[in-house]
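Just so it is clear: chains get the letters A, B, ... in the order the sequence lines come, proteins before strands, and each one is counted from 1.
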Amino acid sequence: MNHRLPERPGEWIRRDSPIDIRFEGRPIRAYEGDTVGSALAAANVLVTGRSFKYHRPRGQLCMVGACANCLMRVDGVPNVRACVEPVRPGMHVERQNAWPSADRDVSAVLDRLSFLMPAGFYYKVFQRPRWLWPFVEPFIRSRAGLGKVPDVEDHGPRERINLHPHVLIVGAGPAGLAAATAAAGSGARTVLLEQDPSAGGRLRDAAHDVEQDRMVAEAEAAGVTILAGTAAFGVFEGPLVAAASADALYRIRARSIVFATGSIEQLPVFPNNDLPGVILSSAAKLLIERFRVRPGTRAVVLTGSEEGHATAAKIADSGAEVTVVDLRLDASSGDLAVIPGSTILSATGRRRVRAVTVGPPGASAGRRLPCDVVVVADFTAPLTGLVAMTGARLSFDVAAQAHLPAELPTGVFVAGSVAGARTVDQAVAEGRIAGLQAAAAAGHPSRAVADELRTFKGGPADGDERVLPPELGTGSGKQFACLCMDVTDKELKVAVTEGFDSMELLKRYTTITMGPCQGRACMLASQRLCARATGGSLATTNPTTARPPSSPVELGTLAGDRLTPTKETTLHEAHAQAGAVFMWSGEWRRPHHYTSAELEAETVRTAVGAIDVGTLGKFRVKGPQAADLLERLYPSRFRDLDVGRVRYGVMLNDEGAILDDGAVCRLDEDEFFVTVTTGNTAALERWMTWWQADWRLDCHLLNVTGAFASVNVAGPRARDVLMHLTEADVSAESFPYMSCRQMDLAGVAAMVLRIGFVGELGYEIHFPSMYGRFVWDRILAAGDEFGIRPFGVDAQRILRLEKQHILVGQDTDAESDPYEVGLGWMVKADKSDFLGKRALEDLESRGPAERLVGFTTDPGWIPPEGSSVVDDGVWVGRVTSARRSAAAGATVGLAWVPSGWAVEGTGFEIQFGSTTAQARVALRPSYDAEGKRLRS
Amino acid sequence: MHADLDARTLTTAGWEHVDDYGDVPAERRFLRDSVGIADITARAKVDLRGDIPPTLETTRDSLFARMADDWALVFEQPGAEKVLLPKLTASAGPGVMVSDVTDGYAGFALAGPSTTEVMSRLTPWDADQLRPGRSTAAQIALVRVIVFRHEVTPVLELYVETPLARYFFETLLSIAQRVGGGPVGWHALHEEGWR
């Protein structure tokens, strides 16, 4: 049966553009402009899912995306608000939280077993016997939550957009539009957020079409940036307003903010108030006027205002038989049947509403009215959640019968029905004033503010009190205060008797207001029931603290598109073309290997290899007191370092723990070139700059990491390669170990350090990074006749382990000191002062409890990093690095062991999982222990 | 990167830089109607640290970016560092460390009405607050960037550590393309008044 009404001006659907969708396998005809919700309503699909806890049938309630009644699975994506989701050709819509179907759900039995699930039942049940809990918990977890995690791959782009308007307006109803136009008219850069696909708010009633178009056009003409379909969901310190659209997360920092968030209709509490067919007037009006769908054939409209009568007339106009139940005693309404001074006492029906019982508020019995739709009209509550997040204080307003913003932080303004305005004219006037004030607060004052304030008529007069239905109905059946979380009046009452006697406690105990609507649709009912149960009043029962997100946000939107800053040396392309397999080293991409680590290591040992070490941190230190700075930063001596010489240095923190190591090269009396490890550059720049500023030494420090490409050429033929590239004298006599020279290399000015990390004759060449590729190619070409190969990080690890050279961070941790790792010889305790000196004095006197030592073990197994060193099955240390060494004919590595074991040849056991191996302490490197090759 | 975008290059003072990407009119449209991204890494860059005097002897086209009381950068045409370095060293005095950092930074110019849109997607910092002729450091696309706003032309120059060049260019370009912009060469940039 199709409930679509004949075509009429003002409808949003395009009948000449049909769209077919699938609903649980069956085809449904919709039109462009339809939402999933309106298409289902037109197809007479009333049950849109099952409720969270009791699995009761639920139908669409608000049609404006405010409640959780129509959360459905659309194209595999769970919890889509069907009522505001536009239809797309071929989309597949399914109901959630039911099996085998929402029409006949097995779990509906829980509704009858609700006595087993009282308020806070998860605190009370399954406590004994204790052995039962491990079985019960997975079951409860499997039943909890709504929807299934999507099995389709997300996403399209999820941008993060930062905006800095002068004025931000939240809500594009009449007040928001007026505020935005006024603010922009004052010269303020203005952004207007609207959660619905188009601006208008209350103006979206067909009666306001002309006005809506005019106001939107005025705002656009004034230069307002309107972000429709973008819901503000949180206000954070700053204030920073967070908002989300379908494909973007907005972070908005405005100088001033106007909250025109409006109000939202509330569902009165009466037995079976959750039955499908019980809808709010917003839904009825949208269905009839915009989607041209008849909500029912026999309607009962519950109201307490003339606005409700207008809604009733529209329903009647759709062809339905209408009875108006009006709380006011003096109500009457033209041609429609009106029952004055009455309310709905209860509703009945199984999968949809079939009848209501009406009578005076509080009556124990009343008159039964058969119906297929119940429309609740114009019982609204202001949407104060977002403004409350700014720190605004709310206070009870008698006329509005609600808590309204009373004290606002500087730069925050409110307008429209969130501030208590009832009519469109009043909202517009308030909006205009708020917009002008916000612009003035943002530095764009206007004389119009005073004029507007002079003519402003203000809100409703005292005594013009909003009429609300009774807190509760009469009769049998559950009376729901919170539809999202399935919380009934009875549960609230029990919770209060158990001592949870405030809104904040009730929220935590019963989960009321904690569902997807975040209290928007249930806060008023919850407050009133809390007041009733505690003997208080609505005035003294404050709403719960508002917290983000005030409306649902997809996790993908919060995560956003991922940016991964990636550093590459200027040789990267050359490595890629050479077939390098890359690895991450902090933010850097480095060649792990080109061919095989073993082959590359062998080449370095027997011929010559080249490795890109451009990732090393590099600093220029210059000034009359540059040496003094290094003397204080390092435990080693640098004042006596000759120009042209290099010294290895270990940097310590105040506690004497190793921060980093590297080479310090003296370029001139007042200038040094310092290298640090790849991953530590930024931290060490901060560290050194901080101390330099603290000590106020006359020198300067500059991070030149990116300015230099660096290549290490190592191996017995390294000098031959260099001689092919430069005319400088690179003989062992002229250019000895631990010295540095400036020279032209392949025509490029370079600084060359004769140092070695891999235990061979080696040259670390630093040169302007933009020549990176050029110099690299020249090095490889020059080395071709000597069998040169590029080698990667993995080969370097083999080579350095054969030499027992440590890697800070890999072999050390945050507490390792120089004595423990065998670098105590670097500490010059007779220096006047240096970072860590005091701590080292203590450490030295105590002696290390554990030591980092070299070890060898069977070449058949390489213990993974972190393998345990065990003593009689007890953990006493760990392996930090290990590689198989062809040169040593064994697996070599470094491990932390008790200091008493740091004796050559001591045997110990390494364990990883079920694998164990015997190892022996090797205090001397397995390769060239005397370092002759380095110095050759 | 540029070769993949069909760049045509020119060599200036030893630097190979992008003259255009094959369609100068289209690149000028990016600059006028949306946003254009140009690689200006070839520009000379000199870093000054210390007690920087209020006036320094520089060159005709140099742009002076004061980052802090004791830190400034000078930008110039490609190759000008050879002239700038001795001039600045002499005029800055012994209390200032003058360093050629031309190779230390990759530079990118953003220009066009959608520049703000691009920046809004990459940084919480409000780029519009930076006045012409001023410079600052800001976190953009999760990395530290030196930003300089031209005084004469509506161009924002962004400088990052050289190792971040590819990441930063690709990130800027992907966002620019999302808002209707694209890569531009020096030719189009010069046509629009940038120097």
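- Contacts between B:Arg49 and chain A at a heavy-atom distance below 4.5 Å involve backbone atoms as well as side-chain atoms.
- Within 6.0 Å of atom CG in B:Asp33, more than 12 heavy atoms from other residues, nucleotides or ligands are found, so the atom counts as buried in its surroundings.
- The parts of B:Asp126 that come within reach of chain A are both its backbone and its side chain, each placing non-hydrogen atoms under 4.5 angstrom from that chain.
- Taking 4.0 Å as the cut-off between side-chain N and carboxylate O, A:Glu573 and A:Arg773 do not count as a salt-bridged pair.
- A 4.5 Å side-chain heavy-atom check between A:Asn162 and A:Arg253 finds at least one atom pair inside the cut-off.
- Contact of A:Asp670 with chain B is not made at all, since no heavy-atom distance falls under 4.5 Å.
- Looking at B:Arg144, neither its backbone nor its side chain comes within 4.5 Å of chain A, counting heavy atoms on both sides.
- Neither the backbone nor the side chain of B:Glu117 comes within less than 4.5 Å of any heavy atom in chain A.
- Using a 4.5 Å cut-off between heavy atoms, A:Ser769 touches chain B through backbone and side chain atoms alike.
- Using a 4.5 Å heavy-atom cutoff, the side chains of B:Leu31 and B:Glu191 are not in contact.
- We find that B:Asp19 and B:Arg8 are not joined by a salt bridge, their nearest charged nitrogen and carboxylate oxygen being 4.0 Å or further apart.
- With a 4.5 Å cut-off on non-hydrogen atoms, B:Thr41 touches chain A through its side chain but not through its backbone.
- Across all their heavy atoms, B:Phe108 and B:Ala165 have their closest contact at CZ-O, 3.7 Å.
- In this structure, B:Tyr159 and B:Phe75 have parallel ring planes: the angle between them is below the 30° cut-off, well short of the 60° mark.
- Looking at B:Thr171, only its side chain comes within 4.5 Å of chain A, counting heavy atoms on both sides.
- A cation-pi arrangement is not found for B:Arg66 relative to B:Trp71, the charged atom failing to lie both closer than 6.0 Å to the ring centre and inside a 45° cone about the ring normal.
- Counting heavy-atom pairs closer than 4.5 Å to chain A, the top-ranked of the candidates B:Ile175, B:Thr162, B:Asp100 is B:Thr162.
- Looking only at heavy-atom pairs under 4.5 Å with chain B, the residue among A:Lys622, A:Arg620, A:His572 that has the most is A:Arg620.
- Counting heavy-atom pairs under 4.5 Å between each of A:Thr566, A:Val704, A:Thr705, A:Thr569 and chain B puts A:Thr566 at the top.
- Under 3.5 Å, the side chains of B:Asp128 and A:His164 contain no donor-acceptor pair of N or O atoms.
- Proximity to chain A is limited to the backbone of B:Val98, based on heavy atoms less than 4.5 angstrom apart.
- Contact annotation for A:Thr615: neither backbone nor side-chain heavy atoms come within less than 4.5 Å of a heavy atom of chain B.
- Of the residues considered (A:Leu163, A:Asp561, A:Leu702, A:Leu701), A:Leu702 shows the highest number of contacts with chain B, using heavy-atom pairs under 4.5 Å.
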